[in-house]
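I have placed the structure first, in the form of structure tokens, so that the comments after it can refer back to it.
A note on names: the letters A, B, ... follow the listed sequences, proteins ahead of strands, and every chain is numbered from 1. Treat the numbers as computed from the prediction; the structure is a model and nothing was measured.
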2 protein chains.
Amino acid sequence: MSDDQTASPPPKRPAPENQRTRSPGARPTLADIAQAAGVTRMTVSNALNGRDGVSADLRERIRTIASEMGYVTNWVAKKLSDSRSGAETGIIGVIAEIHTPFMGEVVSALSSAVRDQGRDMLVYSLPDPAKNVPGNVLDLLLHAVDGVIAVIPRDTSDFHRLATAGVPMVAVDRLNASVEMPSVAADSYGGACCATRHLIALGHRKIAFLAGETRRLSAQERLRGYRDSLRAAGLLHRPEYEADGGYEPQLARPATQALLALSDPPTAIFAGNDASALAAIATIEEAGLSVPGDISVIGFDDVSLAVQGGRGLTTIRQPFPEIGCAAVQLLLDLREGRAGAATRHLTLPVELIERATTAPPRR
Amino acid sequence: MSDDQTASPPPKRPAPENQRTRSPGARPTLADIAQAAGVTRMTVSNALNGRDGVSADLRERIRTIASEMGYVTNWVAKKLSDSRSGAETGIIGVIAEIHTPFMGEVVSALSSAVRDQGRDMLVYSLPDPAKNVPGNVLDLLLHAVDGVIAVIPRDTSDFHRLATAGVPMVAVDRLNASVEMPSVAADSYGGACCATRHLIALGHRKIAFLAGETRRLSAQERLRGYRDSLRAAGLLHRPEYEADGGYEPQLARPATQALLALSDPPTAIFAGNDASALAAIATIEEAGLSVPGDISVIGFDDVSLAVQGGRGLTTIRQPFPEIGCAAVQLLLDLREGRAGAATRHLTLPVELIERATTAPPRR
DNA sequence: GTGAAAGCGCTAACAG
DNA sequence: CTGTTAGCGCTTTCAC
């Protein structure tokens, strides 16, 4: 090409044979296919991106050549170049721990919601909630993504980094002491009241609560709802009826055992989430008691396995699809700088789903 | 700084006031903090990355300034620059549908395995398996990631693109007609034989099979194991006992109902996976029958909810942690070009877990 | 120890 | 319609 310059001082390319000193494994670049097509890189770029300024048949020819050579556009380079014009990537980041059923539902809902907006989603899942998100990924997310949805935030410092870097962020079921950010969550307080009242209405007086992970706001709200409803019904508040189920089966099992071992055991258990409800039921049945014959159990979340495993679990349904949509919408609003988005906290209504694990107490 | 050049032709920066024409929202760059610290960008880069060539206290000073200014290194730019030296990103991509319990287990195991290797993981989940992975994310993955683990591959063309682009890839529980790539999976055939023989050993003669999604190799292998074991035991092969459970509850329920409605219904059901086993149990109980009293049910996978929901499900355990490790290891081997990695297909042993849903048939 | 140069692969913005 | 120039933010030379 423009090789008839004044003798270039140091020979740049070691082997100026035919311009292709690319290692075999390397991917072809715009320049490569431009050379092959006998045009400039820009023409190729324009052709490949469907911008106008290229005749239809030239475009076709270029596209054919590109695909033959196995060209794929270098996302990183494109993004860097685009950074000038502040273009979006169309990708939304999600930080979550996806190994619980609850997470599965949320991530799934998010996924649909994101697609409905014509975007895509990348999720980062850290096995150990105590650890920070490692630098690499966080940086990648920071620069590759239009915004972040945090499902169960972890260590605050991560979020500070993101927040400081100006990445739009919204939380789903946020932590109590988390960085301040807009959020969306189901009405945990209302749901807890509803669940407790359901049990009371059935005639139960001795109602235990399997509390969730206390860091989470939702767990605190559910506890509050439980206590308030008990009080409102004039029932005794018994500390020994509040066990720590930690939102997970491993904690819920021993907690349930302890409940059963009480001198005056409860006749009903309100579990902080479905996973612990299921664990409670298993524990109760292993102890030779029946559900709901001897003890009623109600859960919270209505994850899909609640219906499917054995007879249906009575529970409080979280509107997962709506939560997903709301979170995505909020994120987009935030990004657009829409008024009030930055301090909005959405609470979505829940619903009692009566199935087969609650009944009046045995007399 | 070096502003006493010969008059620069067009005024590059519209407002040459004090070099900071950066829009307020924009993140600071190396140059910004270099200017603030009164050094060159390189010095800052070296200081921030802990490379030597910077005195200890200068480094500290620079780091302080950087953190005060809220500097975060631009991952995209770094990556582009690094591309010359072919450096790794330390991030492994996973393509999966995480909304099934099985996926949860796999992704979770992968996550641990990846961390044990000192790397991280980003997962892409598409709601609809039929759709292609959209371009954006695929390109991002292609360039941002050291390799891809495909859990349940989807449309072949996606994988062609990745494969063509030279991204190392391994499959977990691959599709039947998928792009050829190394894989790791549990021994579905062996497990199916084991499950079927367990039922036979208990005295069952009328054993039905709830087949999985037929595109998947694992589903085919399980069906084969079921048939072979039946034949080996001299039992009749009855087509009407092979129902389509599709690996999911929505399909398993009607399939089970059909099985129950047969004039000569089975006394045992081998479900292709735990999700369909649970659905089968629920269906059976709704029909007023008991498990395992009237009908025995055995699942496959041993996802954690199999133990927790109600009384334990008898099932075939997949070694999820080992699968995760093997997949990651294989990917790394592939990347290193280790011999044989490209054509390796690992099959990991499974194990019968007897719990409470299988028993001898009622006479 | 520090500074200047060039370039990763792409695109916006003009010039022809 | 096509070509040239400059630059995204960083790092790797190689001089000083």
Side-chain angles (χ1 to χ4, degrees), chain A residues 1-2 5 8-14 21-23 26-35 37-59 61-62 66 71-87 89 139 142-144, chain B residues 1-2 5 8-13 21-23 26-35 37-59 62 66 71-87 89 139 142-144:
Chain A
M1 298 276 134
S2 57
Q5 287 283 117
S8 47
K12 309 280 170 71
R13 309 201 172 235
T21 317
R22 200 165 283 292
S23 60
R27 300 191 243 278
T29 76
L30 267 194
D32 293 318
I33 99 126
Q35 184 189 328
V39 293
T40 7
R41 297 182 316 186
M42 270 322 295
T43 309
V44 177
S45 175
N46 289 332
L48 259 27
N49 292 301
R51 286 187 281 262
D52 45 43
V54 188
S55 65
D57 49 341
L58 210 207
R59 172 163 49 234
R61 201 167 69 82
I62 290 180
Y71 175 80
V72 304
T73 122
N74 185 326
W75 189 92
V76 174
K78 180 169 172 40
K79 174 77 175 99
L80 182 57
S81 179
D82 281 349
S83 68
R84 221 173 334 179
S85 41
T89 60
D139 283 346
L142 222 125
H143 290 274
Chain B
M1 297 278 138
S2 58
Q5 287 283 119
S8 48
K12 311 279 171 70
R13 308 199 172 238
T21 318
R22 199 166 283 293
S23 61
R27 300 190 242 280
T29 76
L30 268 195
D32 294 317
I33 99 123
Q35 183 190 329
V39 293
T40 6
R41 296 183 318 186
M42 268 325 293
T43 308
V44 178
S45 175
N46 288 331
L48 259 29
N49 291 299
R51 285 188 282 261
D52 45 43
V54 188
S55 65
D57 49 340
L58 208 208
R59 172 162 49 232
I62 290 180
Y71 175 79
V72 304
T73 123
N74 184 325
W75 189 91
V76 174
K78 181 172 171 38
K79 174 76 175 99
L80 182 57
S81 180
D82 280 350
S83 68
R84 222 173 332 180
S85 40
T89 60
D139 283 346
L142 221 123
H143 289 274

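If you take NZ of Lys79(B) and P of dG9(D), they are 18 Å apart, rounded to a whole angstrom. The distance from atom CD1 of Ile33(A) to atom P of dT11(C) is 12 Å, rounded to the nearest whole Å. Between Leu30(A) atom CG and dA12(C) atom P there is a gap of 12 Å when expressed in whole angstrom units. What separates CD of Gln35(B) from C1' of dT2(C) is a distance of 18 Å, to the nearest Å. What separates CH2 of Trp75(A) from C1' of dT11(C) is a distance of 15 Å, to the nearest Å. Whole-Å rounding puts the Ile62(B) CD1 to dC10(D) P distance at 14 Å. Remark: C1' of dG9(D) and CG of Asp32(B) are 10 Å apart, rounded to the nearest angstrom. Arg51(B) has its CZ atom 14 Å from the C1' atom of dT2(C), to the nearest Å.
Scanning atom types as modelled, one donor and one acceptor separated by under 3.5 angstrom connect the side chain of Ser81(B) and the base of dC10(D).
The phosphate of dG9(D) has neither OP1 nor OP2 within less than 4.0 Å of any side-chain N or O from Tyr71(B). Contact check, Thr40(A) against dG3(D): a side-chain N or O comes under 4.0 Å of OP1 or OP2. Distances shorter than 4.0 Å separate some side-chain N or O of Asn49(B) from OP1 or OP2 on dT11(D). Here Thr43(B) reaches the OP1 or OP2 of dG3(C): one of its side-chain N or O atoms lies under 4.0 Å away. Contact check, Lys78(B) against dG9(D): no side-chain N or O comes under 4.0 Å of OP1 or OP2. The shortest distance between the side-chain N/O atoms of Ser85(B) and the OP1/OP2 oxygens of dT11(D) is not below 4.0 Å.
The shortest distance between side-chain heavy atoms of Leu48(A) and Thr73(A) does not fall below 4.5 Å. Taking the side chain as every heavy atom from C-beta outward, Thr43(A) and Ile62(A) approach each other to under 4.5 Å. Residues His143(B) and Val72(A) meet the side-chain proximity criterion, which asks for heavy atoms closer than 4.5 Å. Using a 4.5 Å heavy-atom threshold, the side chains of Tyr71(A) and Val44(A) count as separate.
Within 4.0 Å of Val54(A), counting heavy atoms only, lie sugar-phosphate atoms of the nucleic acid but no base atom. Among the heavy atoms of the strands lying under 4.0 Å from Asp82(A) are primed sugar atoms or P, OP1, OP2 only; no base atom is included. Contact annotation for Arg59(A): no contact, since no heavy-atom pair falls under 4.0 Å across all strands. Within 4.0 Å (heavy atoms only), Ser45(B) reaches sugar-phosphate atoms of the nucleic acid but no base atom.
For Thr40(A) (side chain) and Met42(A) (main-chain N/O), no donor-acceptor pair under 3.5 Å exists by modelled atom type.
When all heavy atoms are compared, the tightest approach of Asp32(A) to Arg27(A) is OD2-O, 4.4 Å.
Taking for each of Leu80(B) and Met42(A) the nucleotide of DNA chain D with the nearest heavy atom, the 5'-most of the two is the partner of Met42(A). Both Arg84(A) and Gly53(B) sit near DNA chain C, but only Gly53(B) has its closest nucleotide nearer the 5' end. Both Arg41(A) and Ala56(A) sit near DNA chain D, but only Ala56(A) has its closest nucleotide nearer the 5' end.
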